[in-house]
Amino acid sequence: MEKMKTEKQHKKFFRPILTAVLIVLALTVLIVGMTALIKENDVPDPIGDDKETTVDSTDTFEPIILPDDLRITEVGSYTGIYMEDGSDEIVTDVMMLVLENTAEKDLQIAKIRLVYSDFTAEFEVTSLPSGESVVLLEKNRHAVSKEKIQSAKATDIVFFDKALNLQNDRLKVVGNDGTIAVTNITKTDISDNIYLYYKNSAKDMLYGGITYRVCINGGIAAGETAKVLTEHYTPDGSRILWITCGE
């Protein structure tokens with residue numbers, strides 16, 4: 001009888017401990033499962049959709065001086081939308097560089113190559129105003145190399161003959177998601193085609209070598225407004241760089 005009593009006492013003693021252990025194990029499994037779920041769905045947000053792009057670069061990077069007052073100020077890894085081919089696909093860890101135009105003229109186009117021991121990274125830029133910088137993504141979506149850059153080359157460098165012009169004395173432009181409204185604020189009809197050129201942008205930085213263009217065919221009558229559909233334009237994620245009328 002004494003033995004049976006002792007076993008019952010032991011069971012009463014260990015039952016709360018066993019219950020506590022099981023609760024802890026269950027919570028651990030739940031926490032681990034939630035953590036795995038969060039990591040699995042932790043896809044970086046792209047720009048252009050009220051979301052965020054991440055750009056990681058080294059703090060010890062020394063600027064690379066290129067011909068014609070161009071210079072590379074950063075090289076690193078990019079996660080966000082891939083805009084260089086117009087696809088806007090989400091990419092992770094794609095090689096990027098930041099190019100600054102310190103020339104007095106607006107840059108029309110340039111091709112840049114960073115040569116490593118195992119591959120050559122290729123970049124292309126269009127429409128970079130004087131004094132501004134742009135994030136360029138590697139054309140083949142290559143990841144950033146851990147090797148040291150052996151050389152940097154810039155070719156096919158062309159500048160605009162005239163400064164980029166928004167035609168503010170003739171046109172009023174209001175951009176919305178997917179559309180741009182253009183008003184002829186003069187008293188004279190504009191009969192030529194009107195072209196608007198814009199790029200992705202965020203926080204005073206331009207994004208992508210690509211430049212988008214939309215056209216208003218046949219111009220706009222005096223005092224009238226025309227709307228044009230756009231595939232990539234958003235008020236917070238784009239900037240119109242220049243407009244031409246019959247040029």
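One is the number of the first residue; the rest follow in order along the sequence.
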_Leu114: which of Val144, Thr120, Val75 passes side chain to side chain contact (heavy atoms under 4.5 Å, CB included)_ = Val75
Using modelled atom types and a 3.5 Å cut-off, is there a donor and acceptor pairing between side-chain atoms of [X] and backbone atoms of [Y]?
X      : Y      : result
Ser130 : Ala103 : yes
Asn165 : Gln167 : yes
Thr102 : Asp69  : yes
Thr126 : Gln108 : no
Lys187 : Gly223 : no
Asn101 : Glu132 : no
Thr183 : Ile185 : no

*Validation row, ring centre Phe160 to ring centre Trp242 under 6.0 Å*: yes
*asked:* Salt bridge or not between Glu138 and Arg113? Use side-chain N to carboxylate O under 4.0 Å.
replied: no
In terms of side-chain heavy atoms, does [X] have a donor or acceptor partner in [Y] at a distance below 3.5 Å?
X      : Y      : value
Thr186 : Asn184 : yes
Ser87  : Asp85  : yes
His232 : Asp88  : yes

*Kindly determine whether Ile109 and Asp156 satisfy side-chain contact (heavy atoms from CB on, under 4.5 Å), including the steps that lead there.*
CA-CA 7 Å; Ile109 188 171; Asp156 302 324; 5.5 Å; no
*Does the pair Tyr197 and Ser127 meet the rule for a side-chain contact (heavy atoms from CB on, under 4.5 Å), with working shown?*
CA-CA 9 Å; Tyr197 300 80; Ser127 312; 5.8 Å; no
_What verdict does the salt bridge (Lys or Arg N to Asp or Glu O under 4.0 Å) test give for Glu84 and Lys139, after you've listed the backbone C-alpha separation in whole Å, the side-chain angles of each residue and the deciding distance to 0.1 Å?_
CA-CA 7 Å; Glu84 302 298 3; Lys139 292 182 67 174; over 6 Å; no
*Is the Tyr78 ring parallel, tilted or perpendicular to the Tyr207 ring (thresholds 30°, 60°)?*
tilted
*Find out whether Arg141 and Glu89 are in side-chain contact, i.e. whether some heavy atom of one side chain is under 4.5 Å from a heavy atom of the other.*
yes
*Taking side chain as C-beta onward, heavy atoms only, is Pro67 less than 4.5 Å from Ile157?*
yes
